[in-house]
Amino acid sequence: AQDKFKIGYSCNNFNDTFQTFIEDYARTYAEENNIEYSYADAGEDILKQQDQIKAFITEGVDAVVVVAVDTSAADPIIEMTKEAGIPVVFVNRNPFSEIEEKDIPENAYYVGSESIDAGIFQAEYLVKLMGEEKPVGYAILMGLLSNEAAVARTEGNKKVLDEYKNYKLLAEKNGDWQRDQGMTIAENWITAYGDELNAILSNNDEMALGAVEAVEAANRKDIVVMGVDLIADAITAIKEGRLAASVLQDAKGQGEGAMKIAESILKGDEVEKVTWIPYVLVTPENLADFE
Amino acid sequence: MDNQEPLLRMVDIEKSFPGVRALKKVNFTVNYGEVHALVGENGAGKSTLMKCLIGIYKPNGGEICFENKKIENYTTAEALDFGISMIHQELSPVLYRPIMENLWLGREPLNKFGLVDHQKMYEKSLEVLKEIDLQEDPRTLMVNLSVAKMQMVEIAKAISYNAKLIIMDEPSSALTEHEEKKLFEIIHRLKNKGTSIIYISHRLQEIVSICDRVTVFRDGENVGTEEISKLTLDQIIAMMIGRPMTEMYPKVKAELGDVLLDVRHLSHRKFFRNISFQVRAGEVLGISGLVGAGRTQLIETIFGMRPKSEGEIYVRGKKVEINTPQEAIGLGMGFLTEDRRATGVFAVLGVDTNIAIPNYDRFLNSLKLVDQRAVDQGCADFVNKIQIKTPSLKQAIQHLSGGNQQKVLLARWLMTEPDILFLDEPTRGIDVGAKAEIYKLISALANQGKSIIMVSSELPEILGMADRILVMHEGRMTGIIENTAEVTQDLIMHYATGTVDDFADMELMGEVHG
Amino acid sequence: MDKKQFNFQNMISKYGIVAVLILMIVGMSIVKPSFRTITNFLNILTQSSIYGILALGMTLVIISKGIDLSVGSILAMSAVVAASLGQTSTATSRLFPNLPELPVIVPILGALAIGTLCGVINGGLIAFTGIPAFIATLGMTTIARGFAYIYTNGKPVSTLIPGFRFIGQGNFLGVPMPVVIYLVMILITWVLLNNTRFGKHVYAVGGNINAAEVSGVNVKKMLLLIYTYMGLLAGISGVVATARMVSAQPGLAVGYELTAIASTTIGGTSHSGGIGTIWGAVVGALVLSVMRNGMTILGIHSYWQQIVEGLVIIVAVILDMRKNARKA
Amino acid sequence: MDKKQFNFQNMISKYGIVAVLILMIVGMSIVKPSFRTITNFLNILTQSSIYGILALGMTLVIISKGIDLSVGSILAMSAVVAASLGQTSTATSRLFPNLPELPVIVPILGALAIGTLCGVINGGLIAFTGIPAFIATLGMTTIARGFAYIYTNGKPVSTLIPGFRFIGQGNFLGVPMPVVIYLVMILITWVLLNNTRFGKHVYAVGGNINAAEVSGVNVKKMLLLIYTYMGLLAGISGVVATARMVSAQPGLAVGYELTAIASTTIGGTSHSGGIGTIWGAVVGALVLSVMRNGMTILGIHSYWQQIVEGLVIIVAVILDMRKNARKA
Ligand SMILES: Nc1ncnc2c1ncn2[C@@H]1O[C@H](COP(=O)(O)OP(=O)(O)OP(=O)(O)O)[C@@H](O)[C@H]1O
Ligand SMILES: Nc1ncnc2c1ncn2[C@@H]1O[C@H](COP(=O)(O)OP(=O)(O)OP(=O)(O)O)[C@@H](O)[C@H]1O
Ligand SMILES: [Mg+2]
Ligand SMILES: [Mg+2]
């Protein structure tokens, strides 16, 4: 007696600003397409996420969309959905990065971006800005240590910059994605490394904007700061020339994309196992396209 | 006799605390089967010596021989094994546990699986409680007992170790006549069994009646040990305070003024009913009764700590409703409570703060800030006036001897200059010298036109100080007596046990009305 | 039904928190039929098992007037140790590449050992240096967490031997294994607290440490043992968590200490020491997991979930207090 | 220099935590010259100001034998309120699109009001329902956080009027404004605790709540006021935090309550009530920020920083205890 699809969305952590954007788009899509939508926030707790998905299943959803708290612990989620006979679409964080597409379990799908790309884009742009001649000291502001994106983006930074012997990694420290911590850490780096420090690459915009405040307060506008996510504040900051660049992770593409995939599966359409939504580097030059 | 060597010999015991040398080369011996009294002023070092003996403190010097063996570096648990047990001056029950678990704490009976045998514990507890005549279910939580009953449980616990030596540090200070008699019976029984007892008390009468020998302490030194029969009370007192005592009860009849406090038909849902009395300016009203008579609850109700169920209270002729102690204090009342630890001291705070807490209003400068110099001055005055023994005003009160803590609390209330002062067992644990000082103060206050209501279980004190005596029995008033020369301890006991009851008729009427 | 009026006031003041729990369950069952399925009840029990086990130890800790803020970190530390010793030989990223595949008991014992060790350190610090439990365990929180990260190099440890899967997702007579383990630990801890000398002394230490001391209780040893037991339970929780996820992460169980403390406190254990029951800890943990499960099923937005959770904790404890109200 | 031997043991046992702080500063200054610059010291002070201000209130709370777990959330709530009332009219995403640009005092008062309100609720619950402070403030933690998210819809609030920039990054006679605000609050709280009747009663409530009641202290009113003051300080911290970042996020200051509690505890305030000083809270906060600053400057890896931080907290308190050691 059900003509409406019911989809459960399990968010890793709603205190992560970027996730709220993805979820916004997913929700909007559901509303516009007559899909019944339930939602849960795991607060960065894997077990809680499992429990919430179980509750979705109990409640009788037709599919679940999941931002995995930890991609290494996706197995139990896949298994419980398989048992319930419903598909699971992972979004944003990729549980299948280490396996071939054909090995992905039959009821599981992924929509998202390659986290490492964001780090690579930042680093490449940095090289473009600073050149290869003079020595460049940089530091990395990392997200929550338990987070795959934090690890992958940092890896992307290093992967590129390790190739250039003039680029020296001065420090890396986690600021838990938070702006205030980004600011405090940047203040201390500026003191510690002085003129040696030329760039701060941040795993997200929030921490990057904190670093921008520290840089300005110390009158060190020569320090290049970059973020990831392209949140509204970052757009403004790039426009004002305070932030050098950000990397757009396409929230709309991911949020809508995941819902679309889930809907298609339920309708019985043929869908790809993995849908890539590419990252885009956003700099003052191409900013206008994203406002 | 092979009793040449005493049961216990403590030689040259030294003990210091920061700022205080509590014991100065003290020697002390206890013979087999004797009841040995230990007396001295507050802070003389009695409890400290006993705590060294039971293993709570490690002495800084000296040696201890028990049963001819040198013992050193032992814990309380080991002391209990040697055969030494102790009733502590400061009550220390585990409040929210049953009586029986308190009794057997640390040596709970086990069954064959190594689990606690509750049934056996219950039965053994019944036996022990029977021995001290305490009719309580062993499963009752300690918190539901009155102070006196808690003390009886402590006594029961100490004797249940079947120790060779039992230390009793002021066991009777929380007891009334009835329990005290019980305690003496127990002591006699123990003595006949050959148990030795060290008995510490400030009630010197008791000592004369039950002890064999007495050791007197002054300022951390042993100033002499004697057969009790060879000394008079006055001699003991003189040894304690270093000079002869002049007069214990300096009671002068004060000029009686207006009625300050008028209590009419006051009842509490649970603890007492239909209590009426008046107190005039300059008058000392004594309240007497057996343990559990409800005296404490009566005062607590008047003072706004418990809700009354019926009756009225008039202060200076005006009807008042008192719902909190703050309101009571605002009406010029003060209340020295019975349970020093629970409702008296701020253990970790300094002597100064302990005295000044209700009084900061009078030490504010023009900016409404506390003038600490004035506070210190005010406190120092009282410390001198009632001879509180403390190394400094900042000393945490928990490090003072019990008696000195009591004096600090008294100073607290004297400083509020109350018109109506309630004193619940005001001299509990206080030495004779200081007692006399306190009586002098009470008298002086009465002379200044204050009303004093004094609850006391010490009949001599009531007879010595009160103008009139209100006696309670099981939550009822059985008499209000003018304290004339004809009034005897016996008479009061008759009222207190309910064998004489001036208000029996009224009670009946009350019943009909109720 | 005819005459017996249902009386909310009465029920609450008689049964306190249990009444709250029952009302929550009844209320949810009426609103959402999917709530009152056997599967869902087993889910709820499974969900409460991990912090439920922590709450058992926390009850002892809090009765003894202590606190343990480090249980979440110890859990994570134990979990990654268990996982690292329990990877299949085919796992892509093995922490110990040369380790043979071990029987599942080895990782389990490893986890319990590491949990116990952390507990011993906590207890030792508290007992022998006299620093407040709050500080000792706060320090342990960041230390154990740091080691968990270093041990795993910040990466999750996954692809575990099938033995874990049984512990996490298998069942015994229809009861999920995590629940079975929880029930066993409830029973053991209950006996420990109520029927052993150790248990009586836990109450004494918390109720009146002086009384305990003068009665010959070895207070230091007691503190050491209490935190050790807490550590052991954190280790057990770590195993259950690893088994449920069939993997372990160093960032696991952040904030679980608060959930465990909240469970015991909701269940009536007093932070002033000497008062508390295992029964209360179990009910408290259930209140929290019924609430979380219920809100997810009702589809309440996570922002509002936070608010409701806060309100429920407060209201539950207020109602429970009224039961105990004995002011004259 | 000749004869006066530097004696670590002695110094510690005399000055306790202050000696620890000095040793840390001296040690760092030797190892890293960049540490001993004026800028860096001002940085350290600025960085400690936010949780330093929280620690001041926490000192009162803990002296009164309470705890406040909600200060981080209250801070965040106040911060987003301040930011929402202080956006420029040109800001791209305005929370209140029709609000005119207000003088900076309005958002400040708004933040203080909201902080105070949360404090009043905490205090009211604790005083009038009698639930443990742990529970009341744990509930408030999630409630205030939830409202902060709902209020902002989960988004950061930024592009603020210049007045904020002055508070966050301006200075007064060369001293950064956050430090000036911190110093003023230290002074006010110090006078409050040491020179007012209120302060004396805080000690009394924590020292023995029953005795305080009998001595005419209005215990309920005291509890209400203590948590209210704590809420006010959280509001002030919220303003400082907003001003420093010239924006505010609902996820701000998670875990700051633990930092504040650790600061006071390192500074010698006792969780058993009645003991503690403002001075200690200041030193405790400095110990933490010197350590964090130092480790970042030394470039110690985040994983190891956690471990070092835990160790320093424990060791600092152990050393401080030895100063007070007066066990016979
Ligand atoms: N733990 C402690 N720290 C510091 N000083 C202490 C401590 N215990 C006792 N004192 C001091 O040692 C002295 C002896 O105290 P003690 O309690 O032995 O006296 P007492 O003779 O038992 O007095 P009372 O009759 O009042 O009980 C006192 O001056 C007291 O202040
Ligand atoms: N908190 C309590 N809960 C229940 N009953 C209590 C409580 N406190 C006291 N009682 C009971 O109330 C009665 C009166 O108590 P209490 O011993 O205080 O009277 P009292 O006349 O002041 O005696 P005392 O000589 O001990 O001061 C006793 O039966 C006691 O057991
Ligand atoms: Mg004594
Ligand atoms: Mg009494």
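Labels below follow one simple rule: chain letters A, B, ... track the order of the sequence lines, proteins then strands, and each chain is numbered from 1.
- Using a 4.5 Å cut-off between heavy atoms, D176(A) makes no contact with chain D at all.
- Between the CD1 atom of I231(A) and the OG atom of S158(D) there is a distance of 7.0 Å, given to the nearest 0.5 Å.
- Residue contact with chain A, scored on non-hydrogen atoms closer than 4.5 Å, is absent for T39(D).
- From S34(D), atom OG reaches atom CD of E196(A) across 9.5 Å, with rounding to the nearest 0.5 Å.
- The number of heavy-atom neighbours closer than 6.0 Å to CZ of F172(D), taken from other residues, nucleotides and ligands shown, is 12 or below.
- Interface summary for chain D: among A139(A), A192(A), G182(A), the most heavy-atom pairs under 4.5 angstrom belong to A192(A).
- Across N188(A) and I297(D), no two heavy atoms sit closer than the pair O-CG1, 3.8 Å.
- Under a cut-off of 6.0 angstrom, the local environment of NZ in K252(A) is sparse, with at most 12 non-hydrogen atoms contributed by other residues, nucleotides or ligands.
- Atom CG of N293(D) sits about 11.5 Å away from atom CD1 of I185(A), to the nearest 0.5 Å.
- The candidate with the highest count of non-hydrogen atom pairs below 4.5 Å against chain A, out of A248(D), S247(D), P33(D), is S247(D).
- Taking OG1 of T46(D) as the reference point, atom CD of E187(A) lies at 6.5 Å (rounded to 0.5 Å).
- A distance-only check finds a donor-acceptor pair linking the side chain of S302(D) to the backbone of N174(A) [under 3.5 Å].
- Atoms CD and CE, on Q181(A) and M245(D) in that order, are 10.5 Å from each other to the nearest 0.5 Å.
- In terms of non-hydrogen atom pairs under 4.5 Å with chain D, the most contact-rich of R179(A), E216(A), M183(A), M142(A) is R179(A).
- Residue A253(D) touches chain A through its backbone alone, counting heavy-atom pairs closer than 4.5 Å.
- In this model, no donor atom of one side chain and acceptor atom of the other lie less than 3.5 Å apart for Q178(A) and Q249(D).
- Taking OG1 of T184(A) as the start and CD1 of I44(D) as the end, the distance is 12.0 Å to the nearest 0.5 Å.
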Verdict with reasoning, K173(A) to H301(D), per side chain to side chain contact (heavy atoms under 4.5 Å, CB included): CA-CA 7 Å; K173(A) 184 164 162 58; H301(D) 193 287; over 6 Å; no
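- Looking at R244(D) and D180(A), their side chains never come closer than 4.5 Å, going by heavy atoms from C-beta outward.
- When heavy atoms are compared at a cutoff of 4.5 Å, Q19(A) does not approach chain D at all.
- Residues D41(A) and Y149(D) bring no donor and acceptor atom of their side chains to less than 3.5 Å of each other.
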